[in-house]
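Since the structure comes first, as structure tokens, the remarks are kept for the end.
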Amino acid sequence: MSTTGADVTRRRLQVALGWLWLLDGLLQAQPFMFTRGFARQVIAAAGQGQPGFVSDPLHWASTVVAAHPLAWNAVFVAIQLLLGVGLLVPRTARLALAASIAWALGVWYLGEGLSGLASGRASLITGAPGSALVLALLAGAAWPRRDGGREGPAPWLPVAWAVVWVGAAVLQAMPGQESFNAAHDGVVPVALLVAAEYLIGVGALARRTRLPAIALGLVLTLAFWVLGQDLGRLDSGQATDPNVGPVLALMAIALLVAPGLSLRAGRPRRRRAAAAGR
């Protein structure tokens with residue numbers, strides 16, 4: 001299958017993920033992360049207001065890390081930098097993908113506390129469903145094909161996008177949500193936001209509406225990253241990652257330009273089928 005220069009092959013997606021893991025590793029190497037404050041103010045804090053199956057493991061993890069913060073954080077930094085380098089090197093990319101999925105899911109549970117999904121107050125605006133979970137999804141989508149082809153990410157990626165955005169609509173519609181000053185602005189803006197998130201998700205499932213739905217999702221993702229996630233608070237000295245915005249934006253870009261998934265890619269097939277029918 002031929003590809004154009006704009007196509008996002010699985011290998012290019014692996015490289016993008018590699019750079020994201022390198023960024024996470026560098027953020028993890030900030031001085032604050034080598035102190036007990038990281039365990040107490042980041043890990044333990046993620047469990048506040050969450051049910052026991054989330055808060056208890058987080059409390060355990062924070063206690064373990066707080067006992068030897070320097071040693072543990074050195075391990076965390078090394079793992080994330082190795083994942084990044086491993087993804088950038090073609091020969092080790094498959095192993096690094098597998099390791100990154102396992103590590104990302106572990107971080108999502110024991111570091112992000114499932115990004116607050118069990119608390120009932122999570123929102124895509126503020127970072128749900130968590131950058132680690134989306135990193136794991138993208139790693140699965142970038143898994144090399146058995147035949148070695150350079151086709152774009154896995155065909156199930158639009159479904160994953162739909163689950164994220166429809167899930168975001170459900171979370172946004174739950175009682176008690178105050179994202180984007182919902183309590184002050186009234187019901188109508190919240191209803192419009194819920195409808196937009198739902199349509200962005202469902203729209204990705206149909207070829208005819210996929211491009212506009214994902215394009216709108218990309219715009220909203222960047223707006224949320226700036227207005228709701230404060231650019232991941234990268235200048236705070238305590239950010240462990242850039243938050244979900246850039247990772248979800250990468251998913252959008254992969255879907256917008258990937259061969260076989262976009263509306264544009266379907267047209268040549270229909271023309272060839274019509275020609276064969278003649």
So how far is it from [X] [atom1] to [Y] [atom2], rounded to the nearest 0.5 Å?
| X | Y | atom1 | atom2 | answer |
| --- | --- | --- | --- | --- |
| F53 | L58 | CZ | CG | 10.5 Å |
| L211 | L216 | CG | CG | 12.5 Å |
| I101 | L137 | CD1 | CG | 9.0 Å |
| F38 | Q238 | CZ | CD | 10.5 Å |
| Q50 | R121 | CD | CZ | 7.5 Å |
| L248 | L218 | CG | CG | 8.5 Å |

Where the side chain of [X] meets the backbone of [Y], is there a donor-acceptor pair that is under 3.5 Å apart?
| X | Y | result |
| --- | --- | --- |
| R36 | A66 | yes |
| T35 | G37 | yes |
| S55 | G47 | no |
| S62 | H59 | yes |
| W165 | A204 | no |

I214, L157, L13 screened by side-chain contact (heavy atoms from CB on, under 4.5 Å) with M251, the one that passes: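 Among the candidates, only L157 passes.
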
Any non-hydrogen side-chain atom of [X] less than 4.5 Å from a side-chain atom of [Y]?
| X | Y | result |
| --- | --- | --- |
| W161 | W156 | no |
| P129 | L124 | yes |
| L135 | S100 | no |
| Q172 | I125 | yes |
| F34 | V77 | yes |
| P153 | L138 | no |
| P158 | R210 | yes |
| V107 | T240 | no |

Derivation and outcome, side chain to side chain contact (heavy atoms under 4.5 Å, CB included), residues W103 and W21: CA-CA 11 Å; W103 178 256; W21 278 114; 3.5 Å; yes

Just checking Y198: does its OH atom have more than 12 heavy atoms from other residues, nucleotides or ligands closer to it than 6.0 angstrom?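 Result for OH/Y198: open.
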
W143 CH2: over 12 foreign heavy atoms closer than 6.0 Å: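 Enclosed.
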
Show the numbers, then the answer: is there a side chain to side chain contact (heavy atoms under 4.5 Å, CB included) between L220 and F224? CA-CA 6 Å; L220 269 187; F224 291 166; 4.0 Å; yes

Would you check, one step at a time, whether the test side chain to side chain contact (heavy atoms under 4.5 Å, CB included) holds for Q14 with L88? CA-CA 7 Å; Q14 292 165 16; L88 294 178; over 6 Å; no

Should L81 and F76 be marked as a side chain to side chain contact (heavy atoms under 4.5 Å, CB included) after you check the CA-CA gap, both sets of side-chain angles, and the distance that decides it? CA-CA 9 Å; L81 292 178; F76 299 157; over 6 Å; no

Sequence neighbours left out, what passes side-chain hydrogen bond (donor to acceptor under 3.5 Å, both in side chains) with Q28? Give chain and number order.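 Partners of Q28 under the side-chain hydrogen bond (donor to acceptor under 3.5 Å, both in side chains) test: N73.
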
No-hydrogen, no-angle side-chain donor-acceptor test under 3.5 Å, N243 and S131: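 Per modelled atom types, N243 and S131 side chains form no pair under 3.5 Å.
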
